[in-house]
Structures are given as structure tokens and as C-alpha cells.
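Heavy-atom basis, side chains included; hydrogens, waters and symmetry copies ignored. Quantities reported herein were computed from a predicted structural model and do not represent experimental measurements.
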Amino acid sequence: MPATTTLHSVSVRPALPADEEALGELDRSTWSTLHAVMPRPRPPYDPFFDERHRPGDFLVAEAATEAATEAGAPDGSGEIRIAGYIRLVPPTPLACNAHVRQIQGLAVAAWARGAGVGRTLLRAACAEARRQGANRITLRVLGHNTPARALYASEGFAVEGVLSGEFFLHGRYVDDVLMGRSLAP
């Protein structure tokens with residue numbers, strides 16, 4: 001019986017329509033009060049992709065994994081699995097804002113956390129935003145999401161504004177923190 005999973009490599013690619021089921025499951029399994037402003041998803045589930053959330057808006061991290069036995073030896077059951085995703089979109093449809101991309105979602109599977117998947121996705125999103133002609137990237141994060149804020153700061157994102165008490169979640173007011181960074185080389 002496998003006891004641990006080891007990541008051997010992580011690669012990032014654009015999402016495909018065929019990823020919908022796996023991404024929907026990942027999205028539901030990573031739901032947390034740490035980052036969610038919407039209620040926990042309940043069946044019947046909405047589609048992961050829709051007119052506002054197209055496959056082309058997402059980058060997917062895939063990880064080559066190998067399970068290990070209780071003794072730590074590889075058990076030969078390696079596979080490629082979706083380890084996470086990031087959504088990258090223009091923040092508005094305005095031409096005067098076309099130089100900016102915004103991260104509007106980042107999720108990493110529980111089994112892949114702590115292995116650099118989130119950082120890999122952030123870096124891939126910055127590269128993709130540059131490829132699309134953007135010179136700036138932004139995001140919003142809940143004030144109490146300390147792990148995410150630390151990751152973003154370590155990748156050059158700075159707090160550019162705080163909407164104090166923007167959300168009332170689970171009996172308390174929570175800040176919406178606006179972060180951004182330049183994509184200049």
C-alpha cells in the first residue's frame with residue numbers, strides 16, 4: 001500500500017477541454033476558507049469551464065509522480081497527474097488596460113503542496129503574460145491567507161492596496177489585498 005508520493009518533475013502547459021473533469025475535482029478538493037469567498041461547492045456541480053472561464057485562460061501543472069511503499073522504496077506506479085492550475089486573464093476588456101494580466105485563481109493539489117508547484121505556476125503565468133504582451137501582472141488575495149501572500153511576495157509581488165473589511169466571511173470582516181508586479185526583464 002503506498003504511503004507517500006514523490007514528485008519527479010513538474011511541467012506546465014495550457015489547459016485543454018479534456019482537463020475539465022480533473023480541474024473541477026481539483027478545484028472542489030482545494031476549497032478552503034483561507035481563500036474562498038464563495039460557499040463550498042455542492043452537487044450538482046457547475047462545469048469548470050464556461051463562457052467566462054475558458055480552457056485558454058488556464059495553465060495546468062502536471063507532475064510525474066512515483067508512489068513509494070511503507071519502507072520508502074519506489075513501487076513502480078509512477079504516473080502523470082494534474083498537480084495544480086492558475087488562471088490568467090485580462091483584468092478588464094478595456095484597451096487602456098490591455099498591458100495588464102491578472103491571476104484570478106491558483107490551486108495546488110494537497111499531495112503536491114510543498115514541492116514548488118505553486119511557484120512554478122506563478123513563474124509560468126508571468127512568462128505567459130509577457131508572451132501575451134503584458135508588462136504588468138496583478139492579483140487579489142484575502143488578507144488572512146498568509147501562505148499565499150508570502151509566496152507572492154517571494155516572487156516579486158508587492159501590496160499595492162488593501163480593501164479593508166471587503167468581505168464578511170464566517171462571522172468576521174476580511175481584507176482584500178491587491179498585489180502586483182512589473183514584468184519588465
Side-chain angles (χ1 to χ4, degrees), residues 10-17 19-20 22-24 26-28 30-38 41 46-62 82-109 112-113 116-169 173-185:
V10 176
S11 61
V12 177
R13 62 167 174 81
L16 303 169
D19 296 325
E20 181 163 22
L23 291 174
L26 174 63
D27 196 53
R28 292 186 294 275
T30 58
W31 185 95
S32 165
T33 58
L34 194 58
H35 63 79
V37 295
M38 299 294 290
D46 291 333
F48 185 79
F49 297 131
D50 60 28
E51 64 279 350
R52 291 186 47 232
H53 302 85
R54 301 165 320 205
D57 298 338
F58 292 86
L59 297 174
V60 172
E62 291 182 319
I82 291 181
Y85 73 79
I86 195 164
R87 181 171 181 244
L88 181 70
V89 295
T92 73
L94 302 171
C96 62
N97 193 223
H99 64 286
V100 179
R101 290 296 177 274
Q102 188 170 66
I103 293 169
Q104 293 184 355
L106 170 63
V108 175
R113 290 192 185 137
V117 173
R119 186 175 309 280
T120 298
L121 282 164
L122 271 178
R123 290 177 179 173
C126 289
E128 176 60 18
R130 278 189 207 96
R131 189 194 69 75
Q132 294 177 12
N135 63 22
R136 216 175 119 56
I137 190 166
T138 63
L139 59 85
R140 296 168 66 171
V141 60
L142 294 177
H144 65 264
N145 192 342
T146 305
R149 290 179 65 181
L151 172 62
Y152 301 144
S154 74
E155 287 298 315
F157 287 82
V159 173
E160 298 181 340
V162 177
L163 300 174
S164 297
E166 183 73 0
F167 299 105
F168 187 74
L169 302 171
Y173 292 97
V174 178
D175 296 345
D176 189 9
V177 179
L178 312 176
M179 299 182 79
R181 62 165 280 189
S182 169
L183 292 173

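Heavy atoms only, all atoms of each residue included: F157 and M179 are closest at O-CE, 3.7 Å. Closest of all the heavy-atom pairs between R181 and G156 is CB-O, 3.3 Å. Across S154 and L151, no two heavy atoms sit closer than the pair OG-O, 2.7 Å.
Taking CG from L23 and CZ from F49, the interatomic distance works out to 5.0 Å, rounded to the nearest 0.5 Å. Annotation: the span from L178 atom CG to Q102 atom CD amounts to 8.5 Å, rounded to 0.5 Å. From L59, atom CG reaches atom CZ of R123 across 15.0 Å, with rounding to the nearest 0.5 Å. Taking CG of L34 as the start and CG of L142 as the end, the distance is 7.5 Å to the nearest 0.5 Å. In this structure, I137 CD1 and Y152 OH are separated by 10.0 Å, a value rounded to the nearest 0.5 Å.
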Which pairs of donor and acceptor atoms, one on a side chain in residues 90-100, lie under 3.5 Å apart (sequence neighbours left out)?
from, atom 1, to, atom 2, distance (Å)
T92, OG1, L94, N, 3.2
T92, OG1, N97, OD1, 2.8

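Checking side-chain atoms of H35 against main-chain N and O of T30 turns up a donor-acceptor pair under 3.5 Å.
Y173 pairs by the ring-ring contact (aromatic ring centres under 6.0 Å, His included) definition with F168, not counting sequence neighbours.
Side-chain atoms of L122 and I86, non-hydrogen and from C-beta on, do get closer than 4.5 Å to each other. Counting only heavy atoms from C-beta outward, the side chains of L26 and F48 never approach each other to under 4.5 Å. In this structure, the side chains of E155 and C126 stay at 4.5 Å or more apart for every pair of heavy atoms. Within the 4.5 Å cutoff, no side-chain heavy atoms of V10 are placed close to those of R119.
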Pair L169, T33 - check side chain to side chain contact (heavy atoms under 4.5 Å, CB included), show working. CA-CA 8 Å; L169 302 171; T33 58; over 6 Å; no
Could you go through Q132 and L183, starting from their C-alpha distance and side-chain angles, then the distance that decides it, and tell me whether this counts as side chain to side chain contact (heavy atoms under 4.5 Å, CB included)? CA-CA 11 Å; Q132 294 177 12; L183 292 173; over 6 Å; no
Show your working on side chain to side chain contact (heavy atoms under 4.5 Å, CB included) between V177 and N145 and close with a plain yes or no. CA-CA 10 Å; V177 179; N145 192 342; over 6 Å; no
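Checked options V117, L121, L88, V141; the residue passing with L106 is L121 (criterion: side chain to side chain contact (heavy atoms under 4.5 Å, CB included)).
Residue R13 places its CZ atom among more than 12 non-hydrogen atoms of other residues, nucleotides or ligands, all under 6.0 Å distant.
For residues 129-149, the pairs satisfying salt bridge (charged side-chain N to carboxylate O under 4.0 Å, His left out) are E128-R131, R136-E160, R140-D176, with sequence neighbours left out.
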